Amino acid sequence: MKLERLDHFGIEVAELKRAERFYTEVLGLSVVARFGDQVLLQCGEQNLALFQVPRTPLTPGERQNLISHPLGKGHHAFRVSRADFEIASKYLAEAGVETAATIDWGDHECMYFLDLDGNLLEIVSYR
């Protein structure tokens, strides 16, 4: 068996409509389809599925710990252009999104942030 490419990935959220607004209005993804307790969003050439599941909200301390120490933790990374990366910190802050400081790896930079449910996300831009 040879895997061809990643088709989609799934993220669990507590409130589907609220999460859909975040991923479409803040992150700019578009809705491909809705299936009851899930929404399929287009992200470049692949899709992201939001699945509504019962979740206990993270405490403020848990959210702070996650965003303060994001390295080595499960997350989803989105590639952006250099121009978009340069404005991302201000843009996400204005949208009320919790972000970590930018990390410079030499050949690329990244910034971790949390969605409304505390899912750890990342944007990355290569030089």
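Everything quoted here is computed from the prediction, not taken from an experiment. Sequential numbering from 1 along the given sequence is applied to the chain's residues.
Atom-to-atom distance recorded for Glu15:CD and Leu116:CG is 9.0 Å, nearest 0.5 angstrom.
Between His8 and Gln46, the side chains place no donor N or O within less than 3.5 Å of an acceptor N or O (distance only, hydrogens not considered). Thr24 and Glu20 form no side-chain donor-acceptor contact under 3.5 Å, judged by distance and modelled atom types alone. No hydrogens or angles considered: a donor-acceptor pair under 3.5 Å links the side chains of Asp115 and Tyr23.
At distances below 3.5 Å, not a single donor-acceptor pair connects side-chain atoms of Asp117 with backbone N or O atoms of Asn119. Without hydrogens or angle criteria, Arg18 side chain to Val13 main chain gives no donor-acceptor distance under 3.5 Å.
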Discussion item. Walk me through whether Glu109 and Ser125 qualify under side chain to side chain contact (heavy atoms under 4.5 Å, CB included).
Written reply: CA-CA 6 Å; Glu109 289 180 289; Ser125 181; 5.6 Å; no

Fill in: Residue pair Leu41, Asn47: steps toward the side chain to side chain contact (heavy atoms under 4.5 Å, CB included) verdict
CA-CA 5 Å; Leu41 303 170; Asn47 293 319; over 6 Å; no

Discussion item. Would Glu98 and Leu66 count as a side chain to side chain contact (heavy atoms under 4.5 Å, CB included) here? Give the steps.
Written reply: CA-CA 10 Å; Glu98 298 162 273; Leu66 191 56; over 6 Å; no

Practice prompt. Show the numbers, then the answer: is there a side chain to side chain contact (heavy atoms under 4.5 Å, CB included) between Ser68 and Asn65?
Written response: CA-CA 5 Å; Ser68 296; Asn65 184 52; 5.5 Å; no

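When all heavy atoms of Ala100 and Ile67 are compared, the pair lying nearest together is CB-O, 3.3 Å. Nearest heavy atoms, Leu120 versus Pro70: CD2-O, 3.8 Å. Heavy-atom minimum distance, Ala88 versus Met111: CB-CE, 3.8 Å. Scanning both residues, Arg63 and Leu58, for their nearest heavy atoms gives CG-CB, 3.7 Å. Of all the heavy atoms in Phe22 and Leu114, the pair that sits closest is CZ-O, 4.2 Å. The shortest heavy-atom contact between Gly10 and Phe51 is CA-CE1, 3.6 Å.
Under the side chain to side chain contact (heavy atoms under 4.5 Å, CB included) test applied with Tyr112, the options Thr99, Val124, Leu71 reduce to a single match, Leu71.
Side-chain contact between Asp107 and Arg127: absent, with no pair of heavy atoms (C-beta onward) separated by less than 4.5 Å.
For NZ of Lys73, the number of neighbouring non-hydrogen atoms (other residues, nucleotides, ligands) closer than 6.0 Å is greater than 12.
A salt bridge is defined here as a Lys NZ or Arg NE, NH1 or NH2 lying under 4.0 Å from an Asp or Glu carboxylate O, and Glu12 with Arg55 fails to meet this definition.
Every residue was checked against the side-chain hydrogen bond (donor to acceptor under 3.5 Å, both in side chains) condition with Ser89, not counting sequence neighbours, and none meets it.
Relative ring orientation between Phe9 and His76 is described as parallel, the plane-to-plane angle staying below 30° on a 0-90° scale split at 30° and 60°.
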